[in-house]
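Quantities reported herein were computed from a predicted structural model and do not represent experimental measurements. All chains are named by letter (A, B, ...) in the order of the sequence lines, taking the proteins before the strands, and each is independently numbered beginning at 1.
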2 protein chains.
Amino acid sequence: MDRRQRKTREAIFRAFIDLLAKKDFAQITVGEIIDKADIGRATFYSHFETKDYLLKELCEELFCHIFDAMHEEKVNHKHIFDCNAPESVFLHLFQHLKKNDNNILELLSSQNNELFLQYFKRNLGKLVASQLYLFESRKSEKLPESFWISHITSTFVETLKWWIDNKMSESPETITEYFFLAV
Amino acid sequence: MDRRQRKTREAIFRAFIDLLAKKDFAQITVGEIIDKADIGRATFYSHFETKDYLLKELCEELFCHIFDAMHEEKVNHKHIFDCNAPESVFLHLFQHLKKNDNNILELLSSQNNELFLQYFKRNLGKLVASQLYLFESRKSEKLPESFWISHITSTFVETLKWWIDNKMSESPETITEYFFLAV
DNA sequence: ATATAACCGAACAATGAGTTCGGTAACATA
DNA sequence: TATGTTACCGAACTCATTGTTCGGTTATAT
(Lines give C-alpha, C1' and ligand atoms only; values in the text may rest on other atoms or scores of the structure.)
Protein backbone atom coordinates (compact mmCIF):
# COMPACT_ATOMS: atom_id res chain seq x y z
CA MET A 1 0.00 0.00 0.00
CA ASP A 2 1.17 3.48 -0.89
CA ARG A 3 2.81 5.22 2.04
CA ARG A 4 0.64 8.28 1.42
CA GLN A 5 -2.53 6.24 1.64
CA ARG A 6 -1.40 4.60 4.83
CA LYS A 7 -0.47 7.88 6.49
CA THR A 8 -3.74 9.49 5.50
CA ARG A 9 -5.74 6.55 6.73
CA GLU A 10 -3.93 6.55 10.05
CA ALA A 11 -4.36 10.30 10.44
CA ILE A 12 -8.10 9.93 9.91
CA PHE A 13 -8.38 7.12 12.44
CA ARG A 14 -6.30 9.05 14.97
CA ALA A 15 -8.42 12.16 14.61
CA PHE A 16 -11.60 10.13 14.76
CA ILE A 17 -10.61 8.31 17.95
CA ASP A 18 -9.60 11.61 19.54
CA LEU A 19 -13.01 13.05 18.76
CA LEU A 20 -14.83 9.93 19.94
CA ALA A 21 -13.15 10.35 23.31
CA LYS A 22 -14.71 13.80 23.61
CA LYS A 23 -18.14 13.54 22.06
CA ASP A 24 -20.79 11.22 20.78
CA PHE A 25 -20.43 9.68 17.33
CA ALA A 26 -23.59 11.36 16.05
CA GLN A 27 -22.26 14.80 16.91
CA ILE A 28 -18.94 14.42 15.13
CA THR A 29 -18.84 16.04 11.68
CA VAL A 30 -16.65 15.18 8.74
CA GLY A 31 -15.40 18.76 8.85
CA GLU A 32 -13.98 18.25 12.32
CA ILE A 33 -12.29 15.02 11.31
CA ILE A 34 -10.52 16.47 8.29
CA ASP A 35 -9.47 19.57 10.23
CA LYS A 36 -7.91 17.46 12.97
CA ALA A 37 -6.40 15.00 10.50
CA ASP A 38 -5.24 17.95 8.38
CA ILE A 39 -6.32 16.53 5.05
CA GLY A 40 -8.55 17.65 2.20
CA ARG A 41 -12.23 16.97 2.09
CA ALA A 42 -12.08 14.99 -1.14
CA THR A 43 -9.32 12.86 0.34
CA PHE A 44 -11.54 11.78 3.19
CA TYR A 45 -14.25 10.67 0.82
CA SER A 46 -11.76 8.80 -1.35
CA HIS A 47 -10.94 6.68 1.70
CA PHE A 48 -14.34 6.26 3.32
CA GLU A 49 -17.73 6.30 1.69
CA THR A 50 -19.40 7.85 4.74
CA LYS A 51 -18.85 8.51 8.43
CA ASP A 52 -20.67 5.27 9.22
CA TYR A 53 -18.26 3.23 7.14
CA LEU A 54 -15.37 4.90 8.92
CA LEU A 55 -16.79 3.69 12.22
CA LYS A 56 -17.40 0.25 10.83
CA GLU A 57 -13.84 -0.08 9.57
CA LEU A 58 -12.44 1.20 12.83
CA CYS A 59 -14.44 -1.41 14.73
CA GLU A 60 -13.25 -4.13 12.38
CA GLU A 61 -9.65 -3.07 12.77
CA LEU A 62 -9.85 -3.01 16.55
CA PHE A 63 -11.63 -6.31 16.63
CA CYS A 64 -9.10 -8.00 14.37
CA HIS A 65 -6.29 -6.47 16.38
CA ILE A 66 -7.59 -7.97 19.59
CA PHE A 67 -8.18 -11.41 18.17
CA ASP A 68 -5.00 -11.52 16.12
CA ALA A 69 -2.97 -10.61 19.17
CA MET A 70 -4.77 -13.31 21.10
CA HIS A 71 -3.97 -15.76 18.37
CA GLU A 72 -0.26 -14.92 18.47
CA GLU A 73 -0.07 -15.39 22.20
CA LYS A 74 -1.88 -18.65 21.77
CA VAL A 75 0.78 -19.87 19.36
CA ASN A 76 3.67 -18.66 21.49
CA HIS A 77 2.59 -19.87 24.86
CA LYS A 78 0.63 -22.87 23.72
CA HIS A 79 -1.44 -23.09 26.83
CA ILE A 80 -4.65 -21.51 25.69
CA PHE A 81 -7.66 -23.64 24.93
CA ASP A 82 -6.29 -26.04 27.47
CA CYS A 83 -9.31 -28.12 28.37
CA ASN A 84 -8.34 -27.95 32.01
CA ALA A 85 -8.47 -24.17 31.95
CA PRO A 86 -11.48 -23.16 29.85
CA GLU A 87 -11.39 -19.69 31.34
CA SER A 88 -8.03 -18.91 29.76
CA VAL A 89 -9.54 -17.72 26.49
CA PHE A 90 -11.56 -15.11 28.31
CA LEU A 91 -8.76 -14.27 30.68
CA HIS A 92 -6.57 -13.48 27.69
CA LEU A 93 -9.29 -11.34 26.21
CA PHE A 94 -9.59 -9.31 29.40
CA GLN A 95 -5.82 -9.06 29.70
CA HIS A 96 -5.46 -7.83 26.17
CA LEU A 97 -8.24 -5.30 26.52
CA LYS A 98 -6.58 -3.84 29.60
CA LYS A 99 -3.33 -3.27 27.71
CA ASN A 100 -5.12 -0.61 25.68
CA ASP A 101 -2.64 -0.73 22.81
CA ASN A 102 -4.61 1.36 20.36
CA ASN A 103 -6.51 3.68 22.63
CA ILE A 104 -9.31 1.18 22.62
CA LEU A 105 -10.45 2.44 25.98
CA GLU A 106 -11.16 5.86 24.57
CA LEU A 107 -13.45 4.26 22.05
CA LEU A 108 -15.08 2.33 24.84
CA SER A 109 -15.85 5.40 26.93
CA SER A 110 -19.38 5.11 28.16
CA GLN A 111 -20.83 7.36 25.45
CA ASN A 112 -19.92 5.26 22.45
CA ASN A 113 -19.13 1.82 23.78
CA GLU A 114 -22.52 0.62 22.64
CA LEU A 115 -21.38 0.81 19.04
CA PHE A 116 -18.22 -1.19 19.33
CA LEU A 117 -19.65 -3.63 21.85
CA GLN A 118 -22.52 -4.45 19.54
CA TYR A 119 -20.00 -5.30 16.89
CA PHE A 120 -17.90 -7.15 19.40
CA LYS A 121 -20.87 -9.17 20.58
CA ARG A 122 -21.81 -10.31 17.11
CA ASN A 123 -18.36 -11.80 16.55
CA LEU A 124 -17.79 -13.06 20.05
CA GLY A 125 -21.02 -15.03 19.73
CA LYS A 126 -19.40 -17.20 17.09
CA LEU A 127 -16.48 -17.97 19.38
CA VAL A 128 -18.81 -18.82 22.24
CA ALA A 129 -20.88 -21.08 20.01
CA SER A 130 -17.79 -23.00 18.96
CA GLN A 131 -16.61 -23.36 22.54
CA LEU A 132 -19.98 -24.07 24.03
CA TYR A 133 -18.92 -27.36 25.58
CA LEU A 134 -16.83 -25.34 28.04
CA PHE A 135 -20.01 -24.02 29.57
CA GLU A 136 -22.00 -27.18 30.06
CA SER A 137 -23.85 -27.15 33.34
CA ARG A 138 -27.08 -27.99 35.09
CA LYS A 139 -28.54 -24.73 33.75
CA SER A 140 -27.56 -25.20 30.14
CA GLU A 141 -29.58 -28.39 29.82
CA LYS A 142 -32.82 -26.60 30.59
CA LEU A 143 -32.28 -23.64 28.27
CA PRO A 144 -32.51 -23.42 24.46
CA GLU A 145 -29.05 -23.37 22.93
CA SER A 146 -29.50 -20.02 21.21
CA PHE A 147 -30.60 -18.47 24.49
CA TRP A 148 -27.63 -19.95 26.27
CA ILE A 149 -25.13 -18.66 23.70
CA SER A 150 -26.69 -15.24 23.70
CA HIS A 151 -26.60 -15.16 27.49
CA ILE A 152 -22.93 -16.06 27.77
CA THR A 153 -21.96 -13.52 25.14
CA SER A 154 -24.00 -10.76 26.70
CA THR A 155 -22.66 -11.50 30.13
CA PHE A 156 -19.12 -11.15 28.82
CA VAL A 157 -19.89 -7.79 27.27
CA GLU A 158 -21.74 -6.57 30.33
CA THR A 159 -18.86 -7.64 32.53
CA LEU A 160 -16.53 -5.69 30.31
CA LYS A 161 -18.76 -2.62 30.49
CA TRP A 162 -18.89 -2.81 34.27
CA TRP A 163 -15.12 -3.12 34.38
CA ILE A 164 -14.64 -0.07 32.17
CA ASP A 165 -17.11 1.97 34.23
CA ASN A 166 -15.08 0.97 37.29
CA LYS A 167 -11.92 2.40 35.68
CA MET A 168 -10.62 -1.15 35.18
CA SER A 169 -9.28 -1.09 38.69
CA GLU A 170 -9.66 -4.86 39.14
CA SER A 171 -7.14 -7.30 37.72
CA PRO A 172 -8.02 -9.33 34.61
CA GLU A 173 -7.93 -12.45 36.80
CA THR A 174 -10.54 -11.06 39.16
CA ILE A 175 -12.77 -10.01 36.29
CA THR A 176 -12.51 -13.44 34.72
CA GLU A 177 -13.57 -14.91 38.04
CA TYR A 178 -16.57 -12.58 38.21
CA PHE A 179 -17.52 -13.51 34.66
CA PHE A 180 -17.49 -17.23 35.36
CA LEU A 181 -19.34 -16.77 38.61
CA ALA A 182 -22.05 -14.75 36.92
CA VAL A 183 -22.57 -16.85 33.86
CA MET B 1 -54.31 20.48 28.38
CA ASP B 2 -55.74 22.05 25.24
CA ARG B 3 -57.38 19.47 22.99
CA ARG B 4 -55.40 20.81 20.03
CA GLN B 5 -52.13 20.35 21.82
CA ARG B 6 -53.03 16.80 22.84
CA LYS B 7 -54.05 15.82 19.33
CA THR B 8 -50.93 17.27 17.79
CA ARG B 9 -48.71 15.57 20.33
CA GLU B 10 -50.39 12.22 19.72
CA ALA B 11 -50.14 12.63 15.96
CA ILE B 12 -46.42 13.27 16.26
CA PHE B 13 -45.87 10.22 18.46
CA ARG B 14 -47.94 8.05 16.15
CA ALA B 15 -46.01 9.15 13.08
CA PHE B 16 -42.73 8.75 14.90
CA ILE B 17 -43.47 5.20 16.05
CA ASP B 18 -44.59 4.29 12.54
CA LEU B 19 -41.30 5.52 11.14
CA LEU B 20 -39.26 3.82 13.86
CA ALA B 21 -40.81 0.53 12.81
CA LYS B 22 -39.43 1.05 9.32
CA LYS B 23 -36.06 2.70 9.73
CA ASP B 24 -33.34 3.63 12.14
CA PHE B 25 -33.76 6.66 14.38
CA ALA B 26 -30.77 8.44 12.85
CA GLN B 27 -32.27 8.23 9.37
CA ILE B 28 -35.63 9.70 10.27
CA THR B 29 -35.98 13.39 9.41
CA VAL B 30 -38.23 15.97 10.99
CA GLY B 31 -39.67 16.52 7.53
CA GLU B 32 -40.90 12.95 7.38
CA ILE B 33 -42.44 13.18 10.82
CA ILE B 34 -44.42 16.33 10.10
CA ASP B 35 -45.55 15.00 6.72
CA LYS B 36 -46.88 11.82 8.27
CA ALA B 37 -48.35 13.64 11.27
CA ASP B 38 -49.76 16.25 8.89
CA ILE B 39 -48.74 19.29 10.90
CA GLY B 40 -46.68 22.41 10.29
CA ARG B 41 -42.97 22.55 10.82
CA ALA B 42 -43.16 25.30 13.43
CA THR B 43 -45.77 23.29 15.31
CA PHE B 44 -43.38 20.41 15.71
CA TYR B 45 -40.71 22.65 17.18
CA SER B 46 -43.20 24.24 19.56
CA HIS B 47 -43.78 20.77 21.02
CA PHE B 48 -40.29 19.29 20.94
CA GLU B 49 -36.99 21.09 21.11
CA THR B 50 -35.26 18.54 18.84
CA LYS B 51 -35.69 15.04 17.47
CA ASP B 52 -33.65 13.70 20.37
CA TYR B 53 -36.03 15.14 22.92
CA LEU B 54 -38.93 13.56 21.05
CA LEU B 55 -37.30 10.17 21.46
CA LYS B 56 -36.55 10.84 25.10
CA GLU B 57 -40.14 11.79 25.86
CA LEU B 58 -41.46 8.78 23.98
CA CYS B 59 -39.23 6.50 26.02
CA GLU B 60 -40.34 8.14 29.25
CA GLU B 61 -43.98 7.76 28.31
CA LEU B 62 -43.61 4.09 27.41
CA PHE B 63 -41.63 3.40 30.52
CA CYS B 64 -44.16 5.09 32.80
CA HIS B 65 -46.95 3.28 31.01
CA ILE B 66 -45.40 -0.11 31.70
CA PHE B 67 -44.66 0.55 35.32
CA ASP B 68 -47.91 2.33 36.07
CA ALA B 69 -49.87 -0.56 34.64
CA MET B 70 -47.80 -2.95 36.71
CA HIS B 71 -48.54 -0.87 39.77
CA GLU B 72 -52.29 -1.01 39.16
CA GLU B 73 -52.28 -4.76 38.78
CA LYS B 74 -50.29 -4.93 41.95
CA VAL B 75 -52.95 -2.99 43.84
CA ASN B 76 -55.83 -4.95 42.39
CA HIS B 77 -54.54 -8.46 42.76
CA LYS B 78 -52.41 -7.91 45.84
CA HIS B 79 -50.24 -10.89 45.21
CA ILE B 80 -47.16 -9.31 43.76
CA PHE B 81 -44.07 -8.92 45.88
CA ASP B 82 -45.18 -12.02 47.65
CA CYS B 83 -42.01 -13.23 49.28
CA ASN B 84 -42.86 -16.78 48.30
CA ALA B 85 -42.97 -15.83 44.63
CA PRO B 86 -40.12 -13.44 43.95
CA GLU B 87 -40.40 -14.07 40.26
CA SER B 88 -43.87 -12.56 40.06
CA VAL B 89 -42.57 -9.01 39.59
CA PHE B 90 -40.65 -10.06 36.53
CA LEU B 91 -43.38 -12.34 35.28
CA HIS B 92 -45.75 -9.38 35.33
CA LEU B 93 -43.24 -7.30 33.45
CA PHE B 94 -42.91 -9.93 30.73
CA GLN B 95 -46.68 -10.38 30.60
CA HIS B 96 -47.28 -6.71 30.25
CA LEU B 97 -44.65 -6.31 27.57
CA LYS B 98 -46.26 -9.06 25.53
CA LYS B 99 -49.60 -7.28 25.56
CA ASN B 100 -48.08 -4.58 23.37
CA ASP B 101 -50.66 -1.97 24.25
CA ASN B 102 -48.93 0.99 22.66
CA ASN B 103 -47.08 -0.61 19.81
CA ILE B 104 -44.13 -0.99 22.10
CA LEU B 105 -42.95 -3.92 20.06
CA GLU B 106 -42.48 -1.76 17.01
CA LEU B 107 -40.19 0.48 19.00
CA LEU B 108 -38.33 -2.57 20.21
CA SER B 109 -37.68 -3.91 16.72
CA SER B 110 -34.08 -4.95 16.54
CA GLN B 111 -32.88 -1.75 14.86
CA ASN B 112 -33.77 0.71 17.59
CA ASN B 113 -34.31 -1.34 20.70
CA GLU B 114 -30.91 -0.30 21.99
CA LEU B 115 -32.22 3.18 22.67
CA PHE B 116 -35.26 2.27 24.69
CA LEU B 117 -33.59 -0.66 26.42
CA GLN B 118 -30.79 1.57 27.65
CA TYR B 119 -33.38 3.81 29.18
CA PHE B 120 -35.25 0.81 30.50
CA LYS B 121 -32.12 -0.63 32.06
CA ARG B 122 -31.29 2.53 33.93
CA ASN B 123 -34.66 2.51 35.66
CA LEU B 124 -34.97 -1.22 36.10
CA GLY B 125 -31.64 -1.14 37.92
CA LYS B 126 -33.27 0.82 40.74
CA LEU B 127 -36.02 -1.76 41.09
CA VAL B 128 -33.50 -4.59 41.16
CA ALA B 129 -31.40 -2.80 43.75
CA SER B 130 -34.41 -2.40 46.03
CA GLN B 131 -35.39 -6.04 45.63
CA LEU B 132 -31.92 -7.45 45.80
CA TYR B 133 -32.70 -9.77 48.67
CA LEU B 134 -34.79 -11.83 46.28
CA PHE B 135 -31.63 -12.84 44.46
CA GLU B 136 -29.43 -13.90 47.32
CA SER B 137 -27.44 -16.97 46.44
CA ARG B 138 -24.11 -18.65 46.66
CA LYS B 139 -22.91 -16.51 43.77
CA SER B 140 -24.02 -13.16 45.10
CA GLU B 141 -21.83 -13.49 48.18
CA LYS B 142 -18.68 -13.61 46.11
CA LEU B 143 -19.49 -10.71 43.79
CA PRO B 144 -19.47 -6.94 44.44
CA GLU B 145 -22.99 -5.66 44.93
CA SER B 146 -22.83 -3.20 42.04
CA PHE B 147 -21.66 -5.95 39.71
CA TRP B 148 -24.45 -8.21 40.88
CA ILE B 149 -27.15 -5.57 40.37
CA SER B 150 -25.80 -4.71 36.95
CA HIS B 151 -25.71 -8.37 35.99
CA ILE B 152 -29.30 -9.07 37.00
CA THR B 153 -30.55 -6.00 35.18
CA SER B 154 -28.59 -6.76 32.03
CA THR B 155 -29.73 -10.36 32.03
CA PHE B 156 -33.34 -9.21 32.17
CA VAL B 157 -32.85 -6.89 29.22
CA GLU B 158 -30.94 -9.50 27.23
CA THR B 159 -33.63 -12.05 27.92
CA LEU B 160 -36.20 -9.58 26.66
CA LYS B 161 -34.15 -8.92 23.52
CA TRP B 162 -33.83 -12.64 22.82
CA TRP B 163 -37.57 -13.04 23.29
CA ILE B 164 -38.33 -10.23 20.85
CA ASP B 165 -35.89 -11.62 18.27
CA ASN B 166 -37.72 -14.95 18.64
CA LYS B 167 -41.03 -13.24 17.78
CA MET B 168 -42.13 -13.65 21.41
CA SER B 169 -43.30 -17.13 20.64
CA GLU B 170 -42.67 -18.40 24.17
CA SER B 171 -45.10 -17.73 27.00
CA PRO B 172 -44.23 -15.11 29.62
CA GLU B 173 -44.05 -17.93 32.16
CA THR B 174 -41.41 -19.77 30.14
CA ILE B 175 -39.37 -16.61 29.67
CA THR B 176 -39.51 -15.87 33.37
CA GLU B 177 -38.20 -19.36 33.99
CA TYR B 178 -35.34 -18.82 31.54
CA PHE B 179 -34.51 -15.53 33.20
CA PHE B 180 -34.28 -17.05 36.66
CA LEU B 181 -32.30 -20.01 35.37
CA ALA B 182 -29.82 -17.73 33.66
CA VAL B 183 -29.30 -15.20 36.41
C1' DA C 1 13.27 9.83 -16.00
C1' DT C 2 8.59 9.04 -16.42
C1' DA C 3 3.96 7.47 -15.73
C1' DT C 4 0.80 6.76 -12.22
C1' DA C 5 -1.87 7.59 -8.36
C1' DA C 6 -2.77 10.30 -4.24
C1' DC C 7 -3.49 14.63 -2.43
C1' DC C 8 -4.85 19.59 -2.35
C1' DG C 9 -8.20 23.25 -2.23
C1' DA C 10 -11.75 25.56 -3.59
C1' DA C 11 -15.97 25.60 -5.32
C1' DC C 12 -20.46 23.42 -5.98
C1' DA C 13 -25.45 21.50 -5.31
C1' DA C 14 -28.47 19.27 -2.21
C1' DT C 15 -30.39 18.30 2.05
C1' DG C 16 -31.94 18.92 6.59
C1' DA C 17 -32.15 21.58 11.06
C1' DG C 18 -34.13 25.12 13.46
C1' DT C 19 -36.26 30.08 13.35
C1' DT C 20 -39.37 33.83 12.16
C1' DC C 21 -43.71 36.03 11.29
C1' DG C 22 -48.26 37.41 9.78
C1' DG C 23 -52.63 35.35 9.29
C1' DT C 24 -56.39 31.97 10.69
C1' DA C 25 -59.11 29.08 13.55
C1' DA C 26 -60.12 26.83 17.86
C1' DC C 27 -60.43 27.32 22.68
C1' DA C 28 -61.67 29.31 27.44
C1' DT C 29 -64.03 32.81 29.93
C1' DA C 30 -67.42 36.27 30.98
C1' DT D 1 -72.90 35.51 22.50
C1' DA D 2 -68.84 38.42 22.49
C1' DT D 3 -63.86 38.71 23.42
C1' DG D 4 -59.18 37.81 24.36
C1' DT D 5 -55.89 34.13 24.24
C1' DT D 6 -53.42 30.44 22.38
C1' DA D 7 -52.30 26.90 19.09
C1' DC D 8 -51.67 26.04 14.48
C1' DC D 9 -50.60 27.04 9.53
C1' DG D 10 -47.49 27.88 5.75
C1' DA D 11 -44.08 29.86 3.65
C1' DA D 12 -39.86 31.85 3.65
C1' DC D 13 -35.40 32.18 5.58
C1' DT D 14 -30.47 31.24 7.68
C1' DC D 15 -27.20 28.09 8.74
C1' DA D 16 -24.50 23.83 9.09
C1' DT D 17 -23.28 19.64 6.96
C1' DT D 18 -23.00 16.29 3.46
C1' DG D 19 -21.06 14.48 -0.61
C1' DT D 20 -19.16 15.67 -5.41
C1' DT D 21 -16.31 17.76 -9.01
C1' DC D 22 -12.15 19.27 -11.22
C1' DG D 23 -7.75 21.20 -12.45
C1' DG D 24 -3.32 21.59 -10.55
C1' DT D 25 0.55 19.68 -7.62
C1' DT D 26 3.47 16.37 -5.39
C1' DA D 27 4.94 11.88 -3.85
C1' DT D 28 5.71 7.17 -5.21
C1' DA D 29 6.93 3.05 -7.89
C1' DT D 30 9.46 1.03 -11.79
Side-chain angles (χ1 to χ4, degrees), chain A residues 1-61 106-107 109 111-112 114-116 119, chain B residues 1-61 107 109 111-112 114-116 118-119:
Chain A
M1 190 190 230
D2 197 314
R3 185 192 300 145
R4 289 170 296 177
Q5 277 191 60
R6 206 176 52 245
K7 287 179 80 172
T8 300
R9 195 180 160 87
E10 278 165 10
I12 293 175
F13 276 140
R14 222 182 357 260
F16 186 48
I17 291 175
D18 270 12
L19 290 166
L20 276 174
K22 283 176 205 139
K23 51 171 80 175
D24 202 64
F25 171 75
Q27 300 168 11
I28 296 173
T29 69
V30 176
E32 288 174 305
I33 297 171
I34 64 179
D35 280 353
K36 212 179 233 301
D38 195 28
I39 57 162
R41 187 167 195 79
T43 308
F44 176 89
Y45 284 104
S46 79
H47 279 263
F48 302 98
E49 208 170 331
T50 65
K51 215 179 64 180
D52 293 273
Y53 280 106
L54 169 59
L55 178 66
K56 194 181 161 234
E57 293 203 23
L58 177 59
C59 284
E60 271 170 18
E61 215 155 89
E106 293 189 347
L107 185 68
S109 72
Q111 302 170 16
N112 342 303
E114 214 58 49
L115 296 156
F116 175 68
Y119 196 86
Chain B
M1 192 189 229
D2 197 313
R3 184 192 302 145
R4 289 172 295 177
Q5 278 191 60
R6 205 176 53 245
K7 287 178 82 173
T8 299
R9 194 179 161 87
E10 279 165 11
I12 293 175
F13 276 139
R14 224 184 353 262
F16 186 47
I17 290 175
D18 270 11
L19 290 166
L20 277 174
K22 281 176 208 141
K23 51 169 82 175
D24 201 65
F25 171 75
Q27 300 168 10
I28 297 173
T29 68
V30 176
E32 288 174 306
I33 297 171
I34 64 179
D35 279 353
K36 212 178 234 299
D38 196 27
I39 57 164
R41 188 168 193 79
T43 308
F44 175 89
Y45 283 103
S46 77
H47 280 263
F48 301 98
E49 208 170 330
T50 66
K51 215 179 64 181
D52 293 274
Y53 280 105
L54 169 59
L55 178 66
K56 195 182 161 232
E57 292 203 23
L58 177 61
C59 285
E60 272 171 17
E61 217 155 88
L107 184 68
S109 71
Q111 303 171 16
N112 339 304
E114 213 58 48
L115 294 156
F116 175 68
Q118 263 184 27
Y119 196 85

Report task. Using atom CD of B:Glu49 as one end and atom C1' of C:dT19 as the other, report the distance to the nearest whole Å. Result -> 13 Å

Query raised in the report: Can you tell me how far P of D:dC9 sits from CZ of B:Arg41, to the nearest Å?
Result: 13 Å

Query raised in the report: Listed by chain and number, what are the salt bridge (Lys or Arg N to Asp or Glu O under 4.0 Å) partners of B:Arg14, not counting sequence neighbours?
Result: none

Requested in this report: Give a yes/no answer on whether the side chain of B:His47 brings an N or O atom under 4.0 Å of OP1 or OP2 in D:dC8.
Outcome: yes

Report summary line: When A:Gly31 and B:Arg6 are each assigned the nearest nucleotide of DNA chain D, the 5'-most assignment goes to B:Arg6

Query - Whole angstrom value for the distance that separates C1' of D:dT18 from CD of B:Gln27 - result: 15 Å

Query - Ring centres under 6.0 angstrom apart (A:Phe116, A:Phe25) - result: no

Query - Touch class at under 4.0 angstrom, heavy-atom based, for B:Asp52 against every strand present - result: nothing

Query - Integer-rounded Å distance: C:dG16 P and B:Leu54 CG - result: 17 Å

Query - Candidate nucleotides D:dC9, C:dA6, D:dT21, ranked by approach to the side chain of A:Ala42 - the nearest - result: D:dT21

Query - NZ (B:Lys51) with more than 12 external heavy atoms under 6.0 Å - result: yes

Report summary line: Which of C:dC7, D:dA7, D:dC8 is nearest the side chain of A:Thr43? It is C:dC7

Requested in this report: Check B:Gln5, B:Arg4, B:Arg3 against B:Lys7 for a side-chain contact (heavy atoms from CB on, under 4.5 Å) and give me the one that passes.
Outcome: B:Arg3

Query raised in the report: Within this structure, what is the CZ-to-P distance between B:Arg9 and D:dT6, rounded to whole angstrom?
Result: 19 Å

Query raised in the report: Just how far, in rounded Å, is P of C:dG16 from CG of B:Asp35?
Result: 11 Å

Report task. Round to a whole Å and report the spacing from CE of A:Met1 to C1' of C:dA6. Result -> 11 Å

Report task. When you get a sec, tell me which of D:dA27, C:dC21, D:dC8 is the closest nucleotide to the side chain of B:Arg4? Result -> D:dC8

Query - Whole-Å distance separating the CD1 atom of A:Ile39 from the C1' atom of C:dC7 - result: 9 Å

**Report entry** Ionic contact status for A:Glu61 with A:Arg9, cut-off 4.0 Å
**Finding:** yes

Requested in this report: Determine: side-chain N/O of B:Thr50 to OP1/OP2 of C:dA17, distance under 4.0 Å, yes or no.
Outcome: no

Query raised in the report: Side chain of A:Tyr45: nearest nucleotide among D:dC8, C:dA17, D:dG19?
Result: D:dG19

Query raised in the report: Looking at the side chain of B:Gln5, which of C:dG16, D:dA7, D:dT18 is the nearest nucleotide?
Result: D:dA7

Requested in this report: Describe the nucleic acid contact of A:Arg3 in one word from base, sugar-phosphate, nothing, applying a heavy-atom distance below 4.0 Å.
Outcome: sugar-phosphate

